[in-house]
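Encoded as structure tokens, the structure appears first; notes follow it.
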Amino acid sequence: MPLVNQGNIFSWPSRSQAPPAVAAGRGLPQRPGRLLLPAGLLLVCLLLFGGLGRAAPDFDLMAQLADQRFGLEGRRAVIEWRDFLADAAELAPAEQLGAVNEFFNRRISFGDDIDIWGQVDYWATPMETLGMRRGDCEDFAIAKYVSLKLLGLPAEKLRLIYVRARIGGSYSQVSQAHMVLSYYPTPTSEPLILDNLISEIRPAGQRPDLLPVFSFNLESLWVGDASAPAAEATARLSRWRDVVQRMRDEGLASLVKKEAPAES
């Protein structure tokens with residue numbers, strides 16, 4: 001459903017009960033005595049992603065590229081992500097949200113693009129974020145979005161949302177650009193918000209500090225309270241188109257069904 005801006009909060013179609021916040025720190029359940037060898041992990045990934053009718057992500061290629069760019073620690077970070085996804089594949093969707101949110105919020109330190117990449121605004125791929133172990137809000141949101149897509153969550157339930165985030169308290173008039181990931185359990189649900197600023201996943205109605213501007217995913221882009229998509233996101237957002245292409249080159253071609261279109 002489209003986001004509707006009413007004042008300084010998110011607003012959605014009315015529903016009887018908002019979804020509860022997802023507690024932080026739940027992560028992956030402990031399974032004593034369970035051991036997955038690298039070959040077994042690869043098999044799990046092939047079964048998971050191949051069984052969904054998509055080519056499996058090429059984590060071998062990604063690990064090799066991470067080693068070249070970021071050294072052994074970068075390679076290890078990619079393998080750790082691959083192993084995490086294999087474990088998370090066994091969870092229910094609600095548990096996957098909490099596990100993915102915790103995985104990146106705990107492992108990645110916040111940093112500004114100018115300090116990390118020497119650019120004012122750079123959208124990093126998950127491999128780059130893991131390799132640097134640093135990222136800004138877009139990098140957190142993109143890495144979580146990609147992870148949940150790879151775990152098989154439906155595309156229509158996930159959107160990256162560009163917001164204005166109020167800082168300095170309830171009565172502050174100061175805001176800054178920010179990006180979060182949203183998950184819609186049903187088409188008419190109030191979405192859950194995954195954010196790097198707080199560890200708890202909360203319904204959007206419990207985030208009055210966020211003012212939505214536009215939202216997008218791999219398929220579409222929505223502006224304001226429009227009920228229909230405004231355009232293909234990769235056609236309108238050059239940074240999104242660029243990061244999607246780089247993800248393809250790094251082994252995540254399964255995320256998209258066709259080449260990113262050129263900007264008109």
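In this chain, numbering begins with 1 at the start of the sequence shown. All of these numbers come straight from a predicted model, not from anything done at the bench.
Legend: residues meeting side chain to side chain donor-acceptor pair (under 3.5 Å) with Ser175, ordered by chain and number and at least two apart, are Arg164. Qualifying side-chain contact (heavy atoms from CB on, under 4.5 Å) partners for Val174, counting only residues two or more places apart in sequence or in other chains: Ile167, Ser172. Under the rule for a salt bridge (Lys or Arg N to Asp or Glu O under 4.0 Å), the partners of Asp121 that lie at least two apart in sequence or sit in another chain are Arg239. Contacts of Asn105 classified as side chain to side chain donor-acceptor pair (under 3.5 Å), with partners at least two apart in sequence or in another chain: Lys144. Taking the salt bridge (Lys or Arg N to Asp or Glu O under 4.0 Å) definition, one finds that Asp58 meets it with nothing, sequence neighbours left out. Applying the side-chain contact (heavy atoms from CB on, under 4.5 Å) test to Arg69 and every residue at least two apart in sequence or in another chain returns Trp117, Met127, Glu128, Glu250. Legend: residues meeting side-chain contact (heavy atoms from CB on, under 4.5 Å) with Gln68, ordered by chain and number and at least two apart, are Gln64, Leu65. For the side-chain contact (heavy atoms from CB on, under 4.5 Å) test, residues two or more places apart in sequence or in another chain that qualify with Ile114 are Asp112. With sequence neighbours excluded, the residues that form a ring-ring contact (aromatic ring centres under 6.0 Å, His included) with Tyr162 are Phe214. In this structure, the side chain to side chain donor-acceptor pair (under 3.5 Å) partners of Glu73, at least two apart in sequence or on a different chain, are Arg76.
Nearest heavy atom pair, residue Ala155 against residue Lys149, reads CB-NZ, 3.7 Å. Across every non-hydrogen atom of Ile161 and Pro212, the tightest pair is CG2-CB, 4.1 Å. Minimum interatomic distance between Leu150 and Pro57 (heavy atoms only, all atoms of both residues): CD2-CG, 4.3 Å. Contact between Val78 and Ala66 at its shortest, heavy atoms only, is CG2-CB, 3.7 Å. Taking each heavy atom of Ser147 and Trp81 in turn, the nearest pair found is OG-NE1, 3.0 Å. Scanning both residues, Lys157 and Pro185, for their nearest heavy atoms gives NZ-O, 3.1 Å.
Of the possible donor and acceptor atoms, one in the side chain of Asp113 sits under 3.5 Å from a partner among the backbone N and O of Tyr122. Between the side chain of Glu95 and the main chain of Ala92, a donor-acceptor pair closer than 3.5 Å is present. Between the side chain of Arg246 and the backbone N or O of Trp123 there is at least one donor-acceptor pair closer than 3.5 Å. Ser189 contributes a side-chain N or O that, together with a main-chain N or O of Thr186, makes up a donor-acceptor pair within less than 3.5 Å.
Residues Leu252 and Met62 form a side-chain contact, since some pair of their non-hydrogen atoms from C-beta on lies under 4.5 Å apart. Looking at heavy atoms from C-beta onward, Leu153 lies in side-chain contact with Leu148 at the 4.5 angstrom threshold.
Note: Asn101 CG to Leu194 CG = 4.0 Å, rounded to the nearest 0.5 Å. In this structure, OH on Tyr183 lies 6.0 Å from CG on Leu97, to the nearest 0.5 angstrom. Remark: Arg159 CZ to Leu221 CG distance equals 9.5 Å, nearest 0.5 Å. Separation of atoms CG (Leu181) and OH (Tyr145) is listed at 8.5 Å; rounding is to 0.5 Å. Between the CD1 atom in Ile142 and the OG1 atom in Thr129 there is a gap of 7.5 Å [rounded to 0.5 Å]. Between the CD1 atom in Ile198 and the CD1 atom in Ile193 there is a gap of 9.0 Å [rounded to 0.5 Å].
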When you look at Met179 and Val163, which way does the side-chain contact (heavy atoms from CB on, under 4.5 Å) test go after all the steps? CA-CA 6 Å; Met179 189 177 290; Val163 302; over 6 Å; no
Candidate pair Phe84 and Val100, rule side-chain contact (heavy atoms from CB on, under 4.5 Å), full reasoning: CA-CA 9 Å; Phe84 162 77; Val100 167; 3.9 Å; yes
From CA spacing to verdict: side-chain contact (heavy atoms from CB on, under 4.5 Å), Val244, Met247: CA-CA 5 Å; Val244 166; Met247 287 191 289; 4.1 Å; yes
After noting the C-alpha distance and the side-chain angles of Tyr184 and Glu156, does the key distance pass the side-chain contact (heavy atoms from CB on, under 4.5 Å) rule? CA-CA 8 Å; Tyr184 290 76; Glu156 64 271 14; over 6 Å; no
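Listed by first and then second residue, the side chain to side chain donor-acceptor pair (under 3.5 Å) pairs that reach into residues 130-139 come to none, sequence neighbours excluded.
Here Arg207 pairs with Asp195 in a salt bridge; the nearest charged N to carboxylate O distance falls below 4.0 Å.
No continuous path of hydrophobic side-chain contacts links Val213 to Leu197 [ILVMFWY only; heavy atoms under 4.5 Å].
Note: Phe104 and Phe140 fail the aromatic proximity criterion, with ring centroids not under 6.0 Å apart.
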